[in-house]
K.L.:
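Once you've had a glance at the structure underneath, I'll fire off some questions.
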Amino acid sequence: METTQEKIMPHKLSIIKEITAFVKDVITWSLSGGLAYQIYLCILAALMVLGVYAYFVQLRVGMAATNMSDIVSWGFYIANFTFLVGVAAAAVMIILPSYIFKDKDLHKVVIIGECVAIGALVMCLMFVFVDLGAPWNAWHMMPIIGLFNWPTSLLTWDVLVLNGYLVLNLLVPAYILYCHYYHRKPKDKLYLPLVFISIFWAFGIHLVTAFLYQGLPARPFWNNPLMGPRFLASAFAAGPALIIIVLVIIQSTTSFRVEDQVFNKIRRISVVAGIINLIMLFSEVFKEFYLPTHHSQPAIYLYFGLKGHTALVPWIWTAIVMNVIGTLTMAFNPGKNNPKVLVPACILLFLGIWIEKGIGLIVPGLVPSPLGEVVNYAPSWVEVSITIGILALGIFVVSLLLKPALMIEQQYEAGE
Amino acid sequence: MKTPIIRNCLWGVLPVLLLIFAAGLAYSTEGGVVQIYKNATAPFDDETQVDAALTLSIPSVLVTERYQGGRFRTETRKDKIQRFSCSQCHNNKPVRVAQAAEIAHGEIVLNHGSEARPLSCYTCHKKDERDFLVTEQGTKIDMDHSYQMCGQCHFRQKKDWVGGAHGKRISHWAGQRVVKNCTGCHDPHSPRFKKRWPVTYSPPLSKGK
Amino acid sequence: MDPRKNKICQKPQEKDCQQTKQRGRREFLKGAARVAAFGGAAMLAGCGGSMLGSKEELSLRWKEYFKKHYSLMTQEEKDETVRRLEQLAKIKKNVNVQMSSAPPIDGVLFGYAFNVTRCEGYMECVAACVKENNLDRKSNMQYIRIFEMEHGQLTPEVGNAKFYHQVPVEDHFYMGVQCNHCQNAPCVKACPTKATWQEPDGIVVVDYDWCIGCRYCIAACPYYGRRFNWNDPVVPKDEMTKKQHYLGNRMRGRGQMEKCTFCIQRSRAGRLPACVEACPTGARVFGNLLDPDSEIRFVLKHKKVFRWKEDLGTDPKFWYFVD
């Protein structure tokens, strides 16, 4: 293996050859596997086809295929987008300890966090795209060929930071994996600055997404300074929970081994963030209900229903209960990191935050309308199908990235 | 491996500074629209500045009072009264009974003033000057200028009507100002607006837009 | 030696590495073929056959698709685009429209005042607006909403906009809301493509063809002033208003935002907006704020005026007053 380094000279032509070989192997490895894996990929592909079909229905009929209206003008798509930006940002909670605090255990699972982040980012960008009413005009937002309303419009900031984070999260792992594939040590100078940028950038993407809502005085439910910190807290609770689930799946389906203390550390990160999240939730609930004003109407609609419309009430209470049970279970850790206890707790926490930060954030922000009118909202079959398709796409991307990444990492460890 | 923490932290401070700078750019406020219009004291000659302002072809008369922008016009009334001029009939000539039933003012509902002190026909009309409105003092008012009569009691509304806060301008905001006269909107004998059905409705909003 | 050629280094350690790879490739190709077949069928099912048109229509639509943002066009380009849209209307719907690209008039800033005492809830303004601005009949789009309010309540949030009975009802008053054409419009700030902006004469307009339909402006507007075309708008040909303006009442498409434009096709021609002209009680006043002799300035000077949600800092040009 040592001779490889001598043989491969840093000539331009051979670098292209190296990269080609690397990419070819990555693609081959990502698609190859046992029968179970192939069936799993085919199921995901079928779900994606369902999503594509539903999207073409939406293109043909118009956005009326969804259940959104002028009152609830953002619905299931943007709800999922908001939540998944958090999941994408949560990779920083693995990167930060491993690079700044030099945690060796977490260093091993950084690559998994970044693959999950890439999958989540792809899903975010897809959700925004399917939510556009006139996607054929999307080029109007490009800086030179269209008009980019930066820095005034927060959506432009969001576009910049999300795409920038995607690029960062693609470049750094690609470089590290490329080096590990050829059993070389990655050069610190090349990738460490990008890693540090990505740490701050991760906080940035979620703060900008929060500011999207926070900066609108027209929507009193959103227009409070706690949105940004709350987004960060819930992201850093849900993201690591998802990573724990992914690690357990990896442990049980591949030969990649993860030490127990990794689970413990990630669990503790999620617990701290989860507790901060619950404290912030309490703070919001106190503000809305201690001396309710007119601006508390959205919160009343969410938690108790307004004018007979109670569609969201069971969802939010379920979400809060799941959130509390998940956080407390992970905090007290009765199973001592036993996956049989940890995984359900993580799932509960993840789903609870998904509901609360998704639909439980978007719809009350828009209902009652600025004119005080209350409507119910439930996603239509088109919205659900497209969402399922995009979720399948995200899982597909994560699987396709993780498979070769883990193989390369295992080979590198074996070779080291 | 020593990592220069401070230098790497600066990478993080840079986006924050950029954010503050961008926010400053976005929020450059001037005085509000109230300040803008309070400063606008130069006269605006819409006759010349608005190319498309047309003069209205509806029959109108020059109002005897001036508003803040000078003279203005109001639509005529006499051509809208079916049987004007009144002296066609009211001239001490005999009228056949068969005709009288048709043409007497039986259809007029007089509901003007309060219940305790309602107006009567003679409040505004006099027997010997049927072609004009006549005030209590005896001043004759042309029917086209009925605002002078209405303005005797409704002086607040008249002041607002002259200025533009009451009543309606016809068709154009630019060019010669022509407004509806009092009787253009209010039936002089029963001036309050009637209860009626709205012309349309707003549909429900559930799955509705 | 190249690690790829070394079998020992390969992981996972499967017995028939090559066969598994081939099986994997076969499965993948089958799956890909299925996906392609489904995708093709989905595309055909999704898109209707009406995508194709005549050569002239396609050429016009091509030019329209790649045109600039309206505010960046010269007056010649604006006239060209308006001619193209007139031709497209003739080809696609067989209607003769006259579309204008009239620029704002110098020295004009439009203002609007609504007399809360005089409104009786007749909703003639709503009907006139629907007709004048070619609003979608299918989704019953209305720019104006009239609220029936009990005495003692001021904001429309506590009123009822879905009334349908004889009006006026005793002890109730009526208040109309529509786009306030804010001087400091949050929707203008929110739009990522600058598809909505404030013209020099104060009207906040939308370049419908530039809008990407993200609906951030609806979230930003505190007055429910903006509408989105969730479906293709439907307007019967005989009810269509043929005198149109590019930024005003021309026919919009689905996926585009629209809003009250103070009837820009009328107001830039010196005429009153349809709602002002239709009101039977004269509750609406419209004019040039920069003309000290205008009626709107008289109202602002002499009447008790207020603006709705002024605390949000939007600086609207829509005032309410009482007699």
Side-chain angles (χ1 to χ4, degrees), chain B residues 26-27 29-46 49-54 67-70 156-157 159-175 177 179-180 184-186 193-205 208-209, chain C residues 102 105-109 111 113 115 120-124 126-127 130 139-142 145-146 161-168 183-184 189 227-228 230 267-272 277 279-282 285-300 302-303 315 317 321 323:
Chain B
Y27 288 103
T29 47
E30 306 122 7
V33 68
V34 174
Q35 207 53 49
I36 294 178
Y37 79 70
K38 282 204 173 141
N39 288 339
T41 46
F44 175 81
D45 186 8
D46 45 9
Q49 284 188 265
V50 181
D51 309 322
L54 307 159
Y67 81 114
Q68 64 269 13
R156 280 190 220 281
Q157 283 86 334
K159 183 164 163 235
D160 284 343
W161 173 80
V162 165
H166 187 104
K168 245 179 91 157
R169 187 158 170 173
I170 296 179
S171 187
H172 288 61
W173 63 267
R177 181 177 174 223
V179 298
K180 278 196 161 306
C185 296
H186 302 277
F193 283 110
K194 308 286 174 294
K195 222 170 158 173
R196 47 167 268 207
W197 281 86
V199 122
T200 179
Y201 66 99
S202 286
L205 296 158
K209 331 285 176 189
Chain C
I105 307 167
D106 275 330
V108 170
L109 186 70
N115 190 337
E120 308 275 19
Y122 295 146
M123 296 182 85
E124 299 262 4
V126 180
V130 168
S139 61
N140 284 306
M141 192 182 289
Q142 296 168 343
R145 281 184 90 71
I146 305 292
K162 297 191 273 284
F163 63 91
Y164 192 53
H165 43 243
Q166 287 207 315
V167 284
Q183 194 71 0
N184 191 18
K189 287 208 166 77
R227 304 284 183 273
F228 185 68
W230 301 93
S267 44
R268 283 193 179 170
R271 296 178 63 196
L272 291 168
E277 197 170 344
C279 178
T281 61
V285 179
F286 180 79
N288 178 12
L289 284 171
L290 300 180
D291 177 4
D293 301 329
S294 60
E295 289 117 324
I296 179 78
R297 288 283 292 270
F298 177 86
V299 166
L300 295 179
H302 292 105
K303 308 305 273 182
D315 210 12
K317 293 198 287 290
F321 66 103
D323 266 345

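The chains referred to below are lettered A, B, ... by the order of the sequence lines, with proteins before strands, and numbering in each begins at 1.
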K.L.:
Nearest 0.5 angstrom please: B/Q157 CD to C/D323 CG, how far?
P.N.:
7.0 Å

K.L.:
Counting only heavy atoms not in B/R156, do more than 12 fall under 6.0 Å of its CZ?
P.N.:
no

K.L.:
Is there a donor-acceptor pair closer than 3.5 Å between any side-chain N or O of B/K168 and the backbone N or O of C/E277?
P.N.:
yes

K.L.:
State the OG1-CD distance between B/T200 and C/Q142, to the nearest 0.5 angstrom.
P.N.:
5.5 Å

K.L.:
Should the pair C/Y164 and B/Y201 be assigned to parallel (<30°), tilted (30 to 60°) or perpendicular (>60°) ring geometry?
P.N.:
tilted

K.L.:
So which of C/V299, C/L109, C/V285, C/L300 has the biggest tally of heavy-atom pairs under 4.5 Å with chain B?
P.N.:
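Ranked by contacts with chain B, first place is C/L300.
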
K.L.:
Which atoms of C/A127 come close to chain B, meaning under 4.5 Å heavy atom to heavy atom: side chain ones, backbone ones, both, or neither?
P.N.:
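Both backbone and side chain.
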
K.L.:
When only pairs under 4.5 Å are counted, which of C/V167, C/L290, C/V108 shares the most heavy-atom pairs with chain B?
P.N.:
C/V167

K.L.:
Which one wins on heavy-atom pair count under 4.5 Å against chain C: B/A42, B/G184, B/C185?
P.N.:
B/A42

K.L.:
Go through the atoms of C/F321 and report whether side chain, backbone, both or neither lie under 4.5 Å from a heavy atom of chain B.
P.N.:
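Interface part for C/F321: side chain.
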
K.L.:
Flag the one option from C/N115, C/I146, C/N288 with the top tally of heavy-atom pairs under 4.5 Å to chain B.
P.N.:
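Highest number of heavy-atom pairs under 4.5 Å: C/N288.
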
K.L.:
Within 45° of the axis and under 6.0 Å from the centre of the six-membered ring of B/Y37, does NZ or CZ of C/R297 qualify?
P.N.:
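Here C/R297 fails the 6.0 Å and 45° test against B/Y37.
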
K.L.:
Between C/A102, C/C279, C/A113, C/A161, which shows the greatest number of heavy-atom pairs under 4.5 Å with chain B?
P.N.:
C/C279

K.L.:
Of all the heavy-atom pairs spanning B/H172 and C/L272, show the shortest one and how long it is.
P.N.:
C-CG, 3.9 Å

K.L.:
What's the spacing between B/F44 CZ and C/I105 CD1 if we round to 0.5 Å?
P.N.:
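CD1 of C/I105 is found 6.0 Å from CZ of B/F44.
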
K.L.:
Could you grab the distance from atom CD of C/E120 to atom NZ of B/K195, nearest 0.5 Å is fine?
P.N.:
11.0 Å

K.L.:
I need the C/F298 CZ to B/Y67 OH distance, nearest 0.5 Å.
P.N.:
11.5 Å

K.L.:
Please list, chain by chain and in numerical order, all residues satisfying salt bridge (charged side-chain N to carboxylate O under 4.0 Å, His left out) with B/K159, sequence neighbours excluded.
P.N.:
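Salt bridge (charged side-chain N to carboxylate O under 4.0 Å, His left out) list for B/K159, sorted by chain: empty.
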
K.L.:
Going by an N to O cut-off under 4.0 Å, is there a salt bridge joining C/K303 and B/D160?
P.N.:
yes

K.L.:
Quick one: what part of C/S294 sits under 4.5 Å from any heavy atom of chain B, side chain, backbone, both or neither?
P.N.:
backbone

K.L.:
Can you tell me which of B/H166, B/K180, B/H186 forms the most heavy-atom pairs within a distance under 4.5 Å of chain C?
P.N.:
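Of the candidates given, the most pairs with chain C belong to B/H166.
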
K.L.:
Would you mind telling me which of C/K317, C/E124, C/H302, C/R271 has the largest number of heavy-atom pairs within less than 4.5 Å of chain B?
P.N.:
C/R271

